[in-house]
Amino acid sequence: MDLLSRTATCNSHGQESSYFLGWEEYEKNPYDVVKNPHGIIQMGLAENQLCFDLLESWLIQNPDAASFKRDGQSIFRELALFQDYHGLSSFKNALADFMSEIRQNRVSFDSNNLVLTAGATSANETLMFCLANPGDAFLLPTPYYPGFDRDLKWRTGVEIVPIQCSSSNGFRITKLALEEAYEQAKKLNLNVKGVLITNPSNPLGTTTTQAELNILFEFISKNKNIHLVSDEIYSGTAFSSSEFISVMEILKNNQLENNEVFNRVHIVYSLSKDLGLPGFRVGAIYSNDKDVISAATKMSSFGLVSSQTQYLLSSLLSDKKFTKNYLRENQSRLKSRQRMLVTGLEAIGIGCLKSNAGLFCWVDMRHLLSSKTFEAEMDLWKKIVYEVKLNISPGSSCHCEEPGWFRACFANMSEETLKLALKRLKKFVDNGILPRSCQVGESQSLKSSRKKTTMTTVSNWVFRLSFHDRDAEER
Amino acid sequence: MVALTAEKQDQNLLSRMAAGDGHGENSAYFDGWKAYEENPFHPINRPDGVIQMGLAENQLCGDLMRKWVLEHPEASICTAEGVNQFSDIAIFQDYHGLPEFRQAVAKFMEKTRNNKVRFDPDRIVMSGGATGAHETVAFCLANPGEGFLVPTPYYPGFDRDLRWRTGVNLVPVTCHSSNGFKITVEALEAAYENARVSNIPVKGLLITNPSNPLGTTLDRDCLKSLVNFTNNKGIHLIADEIYAATTFGQSEFISVAEVIEEVPHCNRDLIHIVYSLSKDMGLPGLRVGIVYSYNDRVVQIARKMSSFGLVSSQTQHLIAKMLSDEDFVDEFIRKSKLRLAARHAELTTGLDGLGIGWLKAGAGLFIWMDLRNLLKTATFDSEMELWRVIVHKVKLNVSPGGSCHCNEPGWFRVCFANMDHKTMETALERIRVFTSQLEEESLKQTKPMAAPTMMAKKKMCWQSSLRLSFKDTRRFEEGFFSPHSPVPHSPLVRAQI
């Protein structure tokens, strides 16, 4: 009898993955401007570190909230005991308002329809447990956040069937691709319970267009047992709020409040990207379906948000002056930083997918591949990690169907570091160390094995072996 | 129960898991919570309200905690003293957890086990409270359809935590009042055989030590026999030690961590501990759950699963600072035990004076009260009837033994650490009034009675004088489902935050 469950043991397959190398290398040799200026620069981590100054100054100006006081009285005891899975109502109200504000109040959110969870990781898993049975499938447009393989499938038994998107139309979801995915699921005898999109997209950095949303809504209107989950974790990172269209807006604009489709559209949110607070583990599910809310609320017992965190954030987000200024500054800084990366890459002859959101760019390095294969993509990636000393994410890890695309993050470092990263890349491209031929690749002393990387291996999520490995929360 | 519309069920719009009852909240036992929520006791505003004695919270040392927090602004990343750490902590989402957090928790675990064992910080894995820890352990150790043995009576939440989303079964190991509810090897073997007959492969034994709801601790020999039993069968032993520091009086808590050092050839890959700061420190709101496993693979997998319920880094930082203050921790543990002992004594002395029995135990935040002699018949229906009288007439929310899967009706769990002294006095007074009403009724008989006959008269009398009105019974039969959490706000806290 196996000592552990199948769920526990199935993970060992992922440990063969080569992505391990990028992280491992970074950990062994992390860049530090003073202590390790030749170390590897981390560009694989979608964190938003651009606006901490705004948060810190708010804290200094609001000492009561910061020290668990209300009207000068410590409420620590109350917070210490508060474990109601309905959540702190002042926090949920503030969060609902914040979500509305991000959407420029084109829609409003009812805090009774919000369920708090331990990060979006937990929100996504919980929604799967609520909407799908083991063996059911969700359709996801590719490329997608690698973490979904764990969050949506691991303990739930749900399957993911990709909606293949290609560079030929800017990776937009097409009606044909959606239908093909649906047919593919049927061929595999999988019952499709929903479609899950990330809007704005990770890793593309683009907002979902009206046309794409129309296709999706048409699909779920036709198929009345299919849900639409929209992970809007990057909603506050859209450089211009008017370019981001939430699924809730589609429902409102088409006056679908009394249509049964109203109950089949759900949003996942989190403060990890917009506010740059991934450590606080604040996620949320928003749904108009009371039964989903009821079930998800009970399930949230397995991952409630710390009461101390709820309290701090309820004060922060209730300060409308702060949120208004923050959202605007955040968008502006992200946009400038993205510009810097895009123009820097352009100068080296490297293009990016035109993006209007997110903490990263979807970089086109197809012309640098020795061949149009994922193997060549891996070779290129290894060179970028070991030689150029930049940890970026290869498209295959995001299930991209075409080799040669990479996700590079720009919001988790200082301007100087970004400039340095571009300088390094430029140097290597100029010196021809990233040529089209593969002869240079052979002579590099790469630590990795030369074994063939199959599609399955490269598609798996990275599972770390050592005790001291880094977390895999990055998006 | 909030029924799904027929349409929804037909379409299977939701998962079976979401549509079903696995969450356990449709149980009739939630009526006690509802009664409390509708009419919560408040010494000034609602002196006739229901007193919450069904919530196992440790509120006796909140003042010490509060004082420490006020005196240590640097423990918060939001104060002027601590804000320089804000951004580093805010972005920290590594599922290993802050090293200082793990070290501080390991140290605290050692202190609460009288420093008889060492805990390795690298084996400390975070979870969303003990609730999250139990579910994670179940996901790691058992496949759907497999089972864990659990001695009865046990914490009702296990039915949800271990089974709901995991598909794992719980197989009761029946314990009897005749020997103080001790776990015997015979009972373990019987349960193991029952599982086999029911085609449930047993993957482990889950014990709660100190016990909820009994408040008893396992002695060294018993623990050794449990380690031997599980080792011999090649199954896991999961010890929920969430009440480790709630021992008082002469009672000593012996952790399974200590015992495995004394068992020759113990297979440590089968040994796991679930822990939390919710009871020992009275911090349930902060959601600090811990999985501590001696099995390296389980540590790795549980750590990956912890992504679904990491402890907020803000909280990790606070706890790291607080638990590193050894003087504070030593003082806290010391005072907590004294206060628990005192409150326990207050309750039990009061009950002794009223002739009400309780299981002798030296830990926990509750007592296991014996009201078997007040049951009309030795049935769970009778227990429910008595319970409704206690909730609606005596106005105390206590937990009936049936909800804890006790094999024998008439036992009730009564919590004492979640209220102040005055509330305890009020609760005892109400019990006194209840029992004296029973006395009065039986004294209406002219002849003095022998004690057993007196009890028999009392039995009849509470039914006649305290019979529920038709209206009260109706409420239960409707099966009204409360939209509220089964874990209501603490009685010391009004819902104003």
Side-chain angles (χ1 to χ4, degrees), chain A residues 1 3-8 11 47 49 52 55-56 59-60 63 66-68 74-86 88 118 121-122 125 129-133 155 224-225 276-281 291-292 294-295 298 301-304 306-309 312 463 467 470-471 473, chain B residues 2 4 11-18 23 25 57 59 62 65-66 69-70 73 76 78-80 83 86-87 89-96 122 128 131-132 135 139-143 165 234 269 282-287 297 301 307-310 312-315 485 487 489-490 493 497:
Chain A
M1 176 171 72
L3 216 50
L4 303 191
S5 65
R6 284 186 295 270
T7 304
N11 287 339
E47 274 175 6
Q49 297 187 27
F52 279 127
L55 291 165
E56 284 155 3
L59 289 169
I60 290 170
S67 47
F68 310 122
S74 169
I75 56 161
F76 184 78
R77 289 180 84 158
E78 288 88 333
L79 288 176
L81 298 169
F82 184 80
Q83 55 174 329
D84 184 350
Y85 60 21
H86 292 95
L88 212 56
T121 299
S122 180
E125 189 195 46
F129 272 126
C130 289
L131 303 179
N133 297 312
R155 307 190 306 181
K224 294 196 189 306
N225 53 349
L277 305 172
F280 290 179
R281 315 314 302 144
D291 295 318
V292 171
S294 172
K298 297 178 181 47
S301 299
F302 299 109
L304 296 173
S306 171
S307 57
Q308 120 188 81
T309 301
L312 170 68
F463 290 105
F467 269 111
R470 256 208 85 156
D471 165 58
E473 293 302 325
Chain B
V2 172
L4 295 180
Q11 290 175 335
N12 289 319
L13 212 54
L14 300 195
S15 65
R16 286 185 294 269
M17 199 180 283
H23 49 70
E25 290 182 28
E57 273 181 359
Q59 295 187 26
M65 192 72 75
R66 182 171 156 277
V69 166
L70 287 170
S76 164
C78 309
T79 54
V83 76
F86 180 82
S87 54
I89 298 293
I91 53 171
F92 186 83
Q93 56 174 332
D94 183 337
Y95 59 26
H96 289 85
D122 288 338
T131 301
E135 190 193 44
F139 268 126
C140 286
L141 305 183
N143 295 312
R165 307 193 305 182
D269 276 347
L283 301 172
L286 301 188
R287 315 313 302 147
R297 276 168 77 207
I301 303 301
S307 298
F308 298 111
L310 295 172
S312 167
S313 53
Q314 177 191 19
T315 299
S485 160
V487 184
H489 296 295
S490 156
V493 176
I497 51 171

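Any value given below was found using the heavy atoms of this structure, including those in side chains, with hydrogens, waters and symmetry copies removed. Order of the sequence lines sets the chain letters (A, B, ...), proteins ahead of strands, with each chain counted from 1.
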* Identify which part of F52(A) has an atom lying under 4.5 Å from any heavy atom of chain B, answering side chain, backbone, both or neither. => side chain
* To do: Test side-chain contact (heavy atoms from CB on, under 4.5 Å) on L304(A) and D84(A) and set out the steps.
  => CA-CA 9 Å; L304(A) 296 173; D84(A) 184 350; over 6 Å; no
* Asked: In terms of heavy-atom proximity below 4.5 Å to chain A, should F139(B) be classed as side chain, backbone, both, or neither?
  -> both
* At what distance, to the nearest 0.5 angstrom, does OG1 of T309(A) lie from CG of L79(A)? -> 10.0 Å
* **Leading residue by heavy atom contact count with chain B [cutoff under 4.5 Å; candidates P278(A), S301(A), S74(A)]** => P278(A)
* Do M65(B) and R77(A) touch side chain to side chain, with heavy atoms closer than 4.5 Å? -> no
* Asked: Of all of G132(B), A142(B), G282(B), C140(B), which one pairs up most often with chain A through heavy atoms under 4.5 Å apart?
  -> C140(B)
* Structure fact -> OG1 of T315(B) to CZ of F280(A), rounded to nearest 0.5 Å, is 8.5 Å
* Asked: Is it the side chain or the backbone of L70(B) that comes within 4.5 Å of chain A heavy atoms, both, or neither?
  -> side chain
* Asked: If you round to the nearest 0.5 Å, how far is CD of Q314(B) from CZ of F92(B)?
  -> 15.0 Å
* Do any N or O atoms from the side chain of N225(A) and from the backbone of L13(B) form a donor-acceptor pair under 3.5 angstrom? -> no
* Between the side chain of N143(B) and the main-chain N/O of S5(A), is any donor-acceptor distance below 3.5 Å? -> no
* To do: Could you tell me which of G309(B), G128(B), S15(B) has the largest number of non-hydrogen atom pairs under 4.5 Å with chain A?
  => S15(B)
* Structure fact -> If one checks every heavy atom of F76(A) against chain B at 4.5 Å, the contacting part turns out to be side chain
* **Leading residue by heavy atom contact count with chain A [cutoff under 4.5 Å; candidates S313(B), A90(B), A80(B)]** => A90(B)
* Measuring heavy-atom distances to chain A, does P73(B) have an atom under 4.5 Å in its side chain, in its backbone, in both, or in neither? -> neither
* Structure fact -> Most contact-rich option vs chain A, by heavy-atom pairs under 4.5 angstrom, among L141(B), I89(B), D269(B), is L141(B)
